[in-house]
Amino acid sequence: NDPCLNQVAMLRIDRNCRIGGLNFKAAAINQIGRVQCCSITELGDATITERKDLFLFHTVIAQDFCRITDGEFQRFGIMALLMLFNLVAESVMDRLDQFHITGITPAISESAMELSLESVKEAKKRNITVSCDLNYRKNLWKYGKKASEVMRELAKYVDVAIANEEDVQKSLEITVDVNVESGELDREKYRALGNKVLESYPNMKCIAITLRESHSADWNGWAACLNDGKDFYVSKKYEIRDIIDRVGGGDSFAGGLIYGLNNYEDKQSALEFAVAASCLKHSVIGDFNRVSVSDVAKLMGGDGTGRVQR
């Protein structure tokens, strides 16, 4: 079966638990590729019993599938510890081809930050590709460190960076003359921004930057660019009108890019796949992008009719 193209692709609920008066469901998930056969033996302790096209593996905690606001994430420092423990464990690392992390995890707490850095360092030692969505969230950095203080160190171990212009400015303190509040976007400035990031982090292989033109709450222009230090790729631009839900658009782009880079020979196609996947997410209610690879491929090929395929 085709995976859903989001940071959380397919999940299997194995156990309910209660922490701090809140009910949680613990789910072991595979970000891209096929869902893993696994079991939750203890909260946050996932055991893989079968490996199928494994690229990434981690544990996520969701509160009864409801959205958790940024502020509420601060209560879940222990969740981050449990999640990252599975990733650092040798039994899991040995099975990975790619390790994905976002800027949200090290923002939660100091211990989560320490484990985030330990995780990317361990991944690099094992020649595992590291991807990172910078994901700057100002309401999360509350334990005494600035986002840039942590993320500039973490970025040294990243192969594939994913960001928007604000993420680059606030997490890496790298800027060009880009007005993040502006509706219109200058692509050449994003080429310059990507060049500055790659010059600052010579081990980074590429950076993808999403380009959102916010005309109104329900009308956005949506595209992205990718810079690998040699070539600069720009996707087609989608005019998304009558937006249903834009939450999860960035995650679906990240998941789509990871899938694209692992399944297409050229970076342009990988980028187009990611942008198309994320475009479709704007029509889906909820955090998860419930579309298939074939849905995305149709939109990539120019089929935006919305006709039911049967």
Side-chain angles (χ1 to χ4, degrees), residues 6-9 11 15 17-29 31 40 42-46 56-89 92-93 96 99-123 130-158 161-164 166-173 247-255 287-288:
N6 200 324
Q7 186 169 358
V8 178
L11 55 97
R15 178 176 175 177
C17 53
R18 187 173 180 83
I19 293 183
L22 297 175
N23 291 316
F24 292 89
K25 296 181 186 294
I29 64 98
Q31 186 169 1
I40 304 292
E42 294 180 4
L43 176 60
D45 180 16
L56 296 92
F57 183 86
H58 58 203
T59 299
V60 295
I61 305 298
Q63 184 186 356
D64 294 326
F65 294 108
C66 294
R67 284 187 189 159
I68 301 173
T69 64
D70 284 347
E72 288 176 309
F73 270 118
Q74 295 173 54
R75 292 192 250 166
F76 308 145
I78 188 63
M79 297 297 95
L81 292 177
L82 293 167
M83 176 179 71
L84 283 161
F85 175 80
N86 291 316
L87 290 170
V88 175
V92 175
M93 279 287 189
L96 294 180
F99 176 92
H100 183 72
I101 191 168
T102 81
I104 289 174
T105 305
I108 293 172
S109 68
E110 187 167 6
S111 53
M113 175 272 293
E114 291 170 351
L115 279 170
S116 297
L117 291 172
E118 181 183 345
S119 298
V120 295
K121 290 176 181 179
E122 185 65 25
V130 175
S131 54
C132 178
D133 189 337
L134 298 183
N135 266 345
Y136 174 73
R137 298 290 184 268
K138 65 180 180 180
N139 291 330
L140 293 185
W141 293 91
K142 302 295 185 182
Y143 59 88
K145 288 187 180 291
K146 292 174 56 180
S148 58
E149 185 179 352
V150 175
M151 295 305 294
R152 288 168 68 181
E153 176 65 20
L154 191 147
K156 295 175 182 178
Y157 305 93
V158 172
I162 302 165
N164 62 27
E166 183 183 24
D167 296 331
V168 175
Q169 292 174 5
K170 299 295 178 61
S171 295
L172 302 182
E173 293 187 342
V247 173
D251 287 339
S252 58
F253 174 83
D287 293 0
F288 306 144

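In this chain, residues are counted from 1 in sequence order.
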Where do [X] and [Y] come nearest, in terms of heavy atoms and distance?
| X | Y | result |
| --- | --- | --- |
| S252 | G249 | OG-O, 2.9 Å |
| H100 | S131 | ND1-OG, 2.8 Å |
| Y143 | V150 | OH-CG2, 4.0 Å |

Nearest-0.5 Å distance that lies between atom [atom1] in [X] and atom [atom2] in [Y]:
| X | Y | atom1 | atom2 | value |
| --- | --- | --- | --- | --- |
| I104 | S116 | CD1 | OG | 11.5 Å |
| S171 | R137 | OG | CZ | 9.5 Å |
| E122 | F99 | CD | CZ | 10.0 Å |
| T105 | L117 | OG1 | CG | 11.5 Å |
| I101 | L115 | CD1 | CG | 9.5 Å |
| L134 | T102 | CG | OG1 | 9.5 Å |

**Listed partners of K146 passing side chain to side chain contact (heavy atoms under 4.5 Å, CB included), at least two apart** =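 Residues passing side chain to side chain contact (heavy atoms under 4.5 Å, CB included) with K146: S148, E149, E173.
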
**Prompt:** Side chains of M151 and W141: closer than 4.5 Å at any heavy-atom pair?
**Reply:** yes

**Beyond-backbone contact of V120 with K156, side-chain heavy atoms, under 4.5 angstrom** =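 They are not in contact (no side-chain heavy atoms under 4.5 Å apart), so the answer is no.
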
**Message:** Using the rule given for side chain to side chain contact (heavy atoms under 4.5 Å, CB included), can you reason through D251 versus N135, listing the C-alpha separation, both sets of side-chain angles and the distance that settles it, and then say yes or no?
**Reply:** CA-CA 9 Å; D251 287 339; N135 266 345; 4.2 Å; yes

**Request:** Dump the intermediate steps for side chain to side chain contact (heavy atoms under 4.5 Å, CB included) on M113 and K145, then the final yes or no.
**Result:** CA-CA 10 Å; M113 175 272 293; K145 288 187 180 291; 3.5 Å; yes

